[in-house]
Number of protein chains: 2
Amino acid sequence: MDKSSGIANDIGRSGLKRTKHRTVILEILEKSDQPMTAEQIFLKMGQEGIAVSLSTVYRAVESLAQKKLVTALEISGSNKTLFEYNRKIHRHYLVCLGCRKIRAIAHCPLKDYEEDLAAETDYLISGHKLVIYGYCPDCRKNAAMTPKEWS
Amino acid sequence: MDKSSGIANDIGRSGLKRTKHRTVILEILEKSDQPMTAEQIFLKMGQEGIAVSLSTVYRAVESLAQKKLVTALEISGSNKTLFEYNRKIHRHYLVCLGCRKIRAIAHCPLKDYEEDLAAETDYLISGHKLVIYGYCPDCRKNAAMTPKEWS
DNA sequence: ATAGCAAATGCGTTTCATTCGCAATAAAAT
DNA sequence: ATTTTATTGCGAATGAAACGCATTTGCTAT
């Protein structure tokens, strides 16, 4: 079996034990175009015939997040934590208030701003989190629908 | 009693009943330089000798938030919702990862960016949420301390 | 004012995401 | 192969927030 590349090996290299469950979880996240909740991962594994306990999914995503293999997102509008495969690219999110789909934004408009802010406040800036809310093209027509809160 | 200005009257004008509890809660938030959790408000009221049920605090901040008199913040690092008096100014937050103090930032670097993004994605942009993380001047020296997660 | 009504409150209970304890199991180290 | 150590399963615990319902309080029209 190939041990020098792939997701399973990323886990090994991280210092975590390379278990079946963690491998599958990371693969599921890698394939998903949307961040997923622990429960969604759990259900997906069930569909794929992989028996796993929900606690294990929680513990797996937590350890994978600690090792930076996945990223945990807290995007309001749901009280559930979302997890996504860490593609090692700094990105932001555009959340559709209609269908709740999450779209990643590659461009970061804040690079320069952080420097200005550091100079102004004398803070040591570590990073930032930006989420933008709106309605996607498909949902624009229905934008009058219940505007779910976001702030 | 003055009925044409002040916090109590803001509540009345919002369509909510002007109750003692809601008035006190809004006053507490107005005086606080930090956003507060429901429980902090509850405790503060206790200190001030005002008997109130925690459920009531939750319901009060919820209704006040609905009427836009207070703003609910979900800043990760704690799973508790923070509430702040709505000073009707669009603002962002600078969270110190050391002492967890929250400082408001008046300048918003995203005004132009939203337009570009709308043009690029064909989304109807409603708003955004930006939180910046770092270490305040006091905490910089200890920046090596356990860096609490923020993403 | 005051009676009548809808909204707000208290208190206890419930929900729901997430975490934890502990015994059983599987992965890495020796 | 055997020991060591991390991971898993299961059920129970936690903790923030929501809820049901009986009671009380603020408004509003008389």
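We name chains A, B, ... by the order of the sequence lines, and we start the count at 1 in each one.
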Using the side-chain contact (heavy atoms from CB on, under 4.5 Å) rule, pick out the option among A/I7, A/L64, A/V61 that qualifies with A/L69.
-> A/L64
So does A/H21 get a side-chain nitrogen or oxygen closer than 4.0 Å to the phosphate oxygens (OP1/OP2) of C/dA26?
-> no
To the nearest Å, give me how far apart CG (B/L16) and C1' (C/dA6) are.
-> 13 Å
For residues B/R22 and B/S63, report the shortest heavy-atom separation together with the two atoms involved.
-> NH1-OG, 3.2 Å
Can you name the closest pair of heavy atoms from A/D122 and B/R140 and give their distance?
-> O-NH1, 3.1 Å
Rounded distance in Å - NZ (A/K80) to C1' (C/dT19) | 17 Å
If you look at every heavy atom in A/I75 and A/Y133, which pair is closest and at what distance?
-> CG2-OH, 4.0 Å
In whole angstroms, how far is the C1' atom of D/dA17 from the CD atom of B/E74?
-> 11 Å
Is the distance between the ring centroids of B/H92 and A/H128 less than 6.0 Å?
-> no
Which heavy atom of A/T121 sits nearest a heavy atom of B/P137, and at what distance?
-> O-CG, 3.8 Å
Heavy atoms of B/R91 and B/A104 approach each other most closely as NH1-CB, 3.1 Å
Pairs flagged by ring pair (Phe, Tyr, Trp, His ring centres under 6.0 Å) wherever residues 98-121 of chain A is involved - sequence neighbours left out | A/H107-B/Y113, A/Y113-B/H107
Tell me what A/T19 touches on the nucleic acid: a base, only sugar-phosphate, or nothing, going by heavy atoms under 4.0 Å.
-> sugar-phosphate
Over all heavy atoms of both residues, which pair between A/C99 and A/C136 is shortest? Give the atoms and the distance, please.
-> SG-SG, 4.0 Å
Measure from the side-chain heavy atoms of B/R22 and tell me the nearest of C/dT18, C/dT19, C/dA8.
-> C/dA8
Terminal helix-axis angle for the helix from C/dA1-D/dT30 to C/dT30-D/dA1, with five pairs defining each axis and rounding to 10 degrees = 40°
B/E48: salt bridge (charged side-chain N to carboxylate O under 4.0 Å, His left out) partners, not counting sequence neighbours | none
d(B/T56 OG1, B/I41 CD1) to nearest 0.5 Å is 12.5 Å
Modelled atom types, side-chain donor and acceptor of A/Y93 and A/E84, under 3.5 Å | yes
Which of residues 58-67 of chain A sit near DNA chain C, with a heavy atom under 4.0 Å from it?
-> A/Y58, A/R59
Using heavy atoms and a sub-4.0 Å distance, could you list which residues of residues 23-54 of chain B are near DNA chain C? By number, please.
-> B/A51, B/V52, B/S53
Starting at atom CG of B/N9, determine the distance to atom C1' of D/dC27, rounded to an integer number of angstrom.
-> 14 Å
pair A/T71-A/F83: side-chain heavy atoms closer than 4.5 Å | no
Please write out each protein N/O paired with an N/O of nucleotides 3-5 of chain C under 3.5 Å, distance rounded to 0.1 Å.
none

